[in-house]
Amino acid sequence: MPRFPVLPCVLAAALLAPAARTAEPAAAADAGPVFHTSATPAQLEAAIFAETNRIRRTCGRRPLRPLPELAAAAADQASYMALTHRAEHQNVLRDQGDVLERVLRHGLRPAEVAENVASLPAVHDGRAATAAEMAASLVEAWMHSPGHRENLLSRRFTHLGCAARVVTALGRTEYVFGAQVFASLPSNLTE
């Protein structure tokens with residue numbers, strides 16, 4: 001089977017790695033505030049999509065169009081990351097090892113595909129974050145990582161799917177695991 005080019009994407013270790021380890025020491029179980037976001041995954045996904053296009057327009061790029069198959073591929077990885085509590089591009093599930101496999105699994109044959117992933121605490125200014133605030137934090141983290149920024153602002157991509165999953169770390173602060181899947185599709189697939 002022919003492989004399609006996949007853009008490399010480097011995790012922003014300083015921003016993303018601390019959130020990927022969500023286990024907290026048992027001694028801290030009764031100390032400090034507990035944050036819970038009231039945002040649903042669907043609200044977070046819509047907010048991430050809107051914030052991405054807002055940033056693209058600000059940077060002189062065309063907005064991306066939604067595509068359910070890309071959202072499904074993003075949901076595969078967001079769910080996997082939430083399950084493992086790790087923000088990463090690879091996973092061990094059959095037909096889901098990398099972003100291309102996940103996109104092909106949902107019936108698309110893209111000309112090019114790329115992925116952004118991240119995990120951040122669901123807090124903003126010391127309180128539970130709204131969907132818009134969480135989306136802004138995720139997109140900002142991606143904009144500070146060269147590989148993620150390249151994906152987010154690429155003129156080659158025409159479509160985007162977003163997914164988010166919320167996980168509580170040992171009954172404490174919630175973390176949002178977000179994934180974006182970008183694609184450029186042949187014109188006969190987008191009509």
Side-chain angles (χ1 to χ4, degrees), residues 1-11 16 39-57 59 61-84 86-120 131-132 134-136 138-139 141-143 145 147-167 175-191:
M1 175 188 296
R3 299 285 293 191
F4 298 97
V6 178
L7 293 178
C9 198
V10 180
L11 287 175
L16 306 178
T40 67
Q43 291 168 329
L44 288 166
E45 292 159 5
I48 293 166
F49 192 91
E51 180 65 8
T52 299
N53 276 335
R54 186 189 73 75
I55 292 294
R56 284 180 63 87
R57 283 189 296 275
C59 294
R61 306 300 195 273
R62 288 185 179 169
L64 298 168
R65 294 180 294 195
L67 198 59
E69 294 89 347
L70 294 178
D76 287 346
Q77 193 61 10
S79 296
Y80 179 81
M81 293 186 307
L83 180 67
T84 62
R86 293 172 46 125
E88 59 189 343
H89 293 281
Q90 304 296 315
N91 85 45
V92 299
L93 300 176
R94 182 182 170 154
D95 298 328
Q96 296 187 43
D98 62 31
V99 65
L100 180 59
E101 287 182 11
R102 290 187 287 277
V103 170
L104 292 172
R105 178 175 180 265
H106 290 285
L108 288 180
R109 301 262 182 243
E112 192 170 8
V113 65
E115 175 181 70
N116 286 350
V117 299
S119 173
L120 295 173
M134 194 69 247
L138 284 167
V139 171
W142 287 323
M143 289 296 286
S145 165
H148 291 113
R149 179 185 176 90
E150 180 181 341
N151 291 341
L152 208 140
L153 296 180
S154 176
R155 295 179 192 276
R156 295 184 310 270
F157 296 126
T158 55
H159 291 81
L160 171 66
C162 299
R165 298 294 181 265
V166 180
V167 175
Y175 287 81
V176 175
F177 289 87
Q180 296 180 303
V181 177
F182 303 86
S184 56
L185 301 175
S187 60
N188 64 332
L189 294 179
T190 61
E191 300 300 321

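These numbers come from the heavy atoms of this one structure, side chains and all, not from hydrogens, waters or symmetry mates. Keep in mind it's a predicted model, so treat the numbers as computed, not measured.
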Are the side chains of Phe182 and Asn116 in contact, using a 4.5 Å heavy-atom criterion? yes

Nearest heavy-atom contact between Ala114 and Phe157 is CB-CZ, 3.6 Å

Note: Ala164 and Pro41 closest approach over all heavy atoms is O-CB, 3.3 Å

Shortest non-hydrogen pair, Val99 vs Glu115, comes out as CG2-CB, 3.6 Å

Side chains of Leu160 and Pro63: does their closest heavy-atom pair fall under 4.5 Å? no

So CD of Glu112 and CG of Leu100: to nearest 0.5 Å the spacing works out to 11.0 Å

>> Checking the side chain of Trp142 only, and the main-chain atoms of Gly147 only, is there a donor and an acceptor separated by less than 3.5 Å?
In response: no

What I'd like to find out is whether the side chain of Glu51 reaches to under 4.5 Å of the side chain of Met134, using heavy atoms alone. no

d(Asn151 CG, Arg156 CZ) to nearest 0.5 Å is 8.0 Å

Side-chain heavy-atom pair Gln180, Leu152 within 4.5 angstrom cut-off:
yes

For Ala179 and Val117 the tightest heavy-atom approach is CB-CG1, 4.2 Å

Quiz prompt | Leu108 side chain near Val113 side chain, heavy-atom distance below 4.5 Å | solution = no

Shortest non-hydrogen pair, Ala163 vs Ala71, comes out as CB-O, 4.2 Å

Test item: Arg56 side-chain N/O and Arg62 main-chain N/O as donor-acceptor pair under 3.5 Å
yes

So CD of Glu101 and CG of Asp76: to nearest 0.5 Å the spacing works out to 11.0 Å

message = Would you say that Gln77 contacts Arg165 through its side chain, given a criterion of any heavy-atom pair below 4.5 Å between the two side chains?
response = no

The reported gap from CG in Asn53 to CD1 in Ile48 (rounded to nearest 0.5 angstrom) is 12.5 Å

Ala74 and Gly161 have their tightest heavy-atom pair at CB-O, 3.7 Å

Ion pair check, Arg102 and Glu69, cut-off under 4.0 Å: no

Here the gap from Met143 atom CE to Cys59 atom SG, rounded to the nearest 0.5 Å, amounts to 4.5 Å

Q | Student check: side-chain heavy atoms of Leu67 and Leu185 closer than 4.5 Å | A | yes

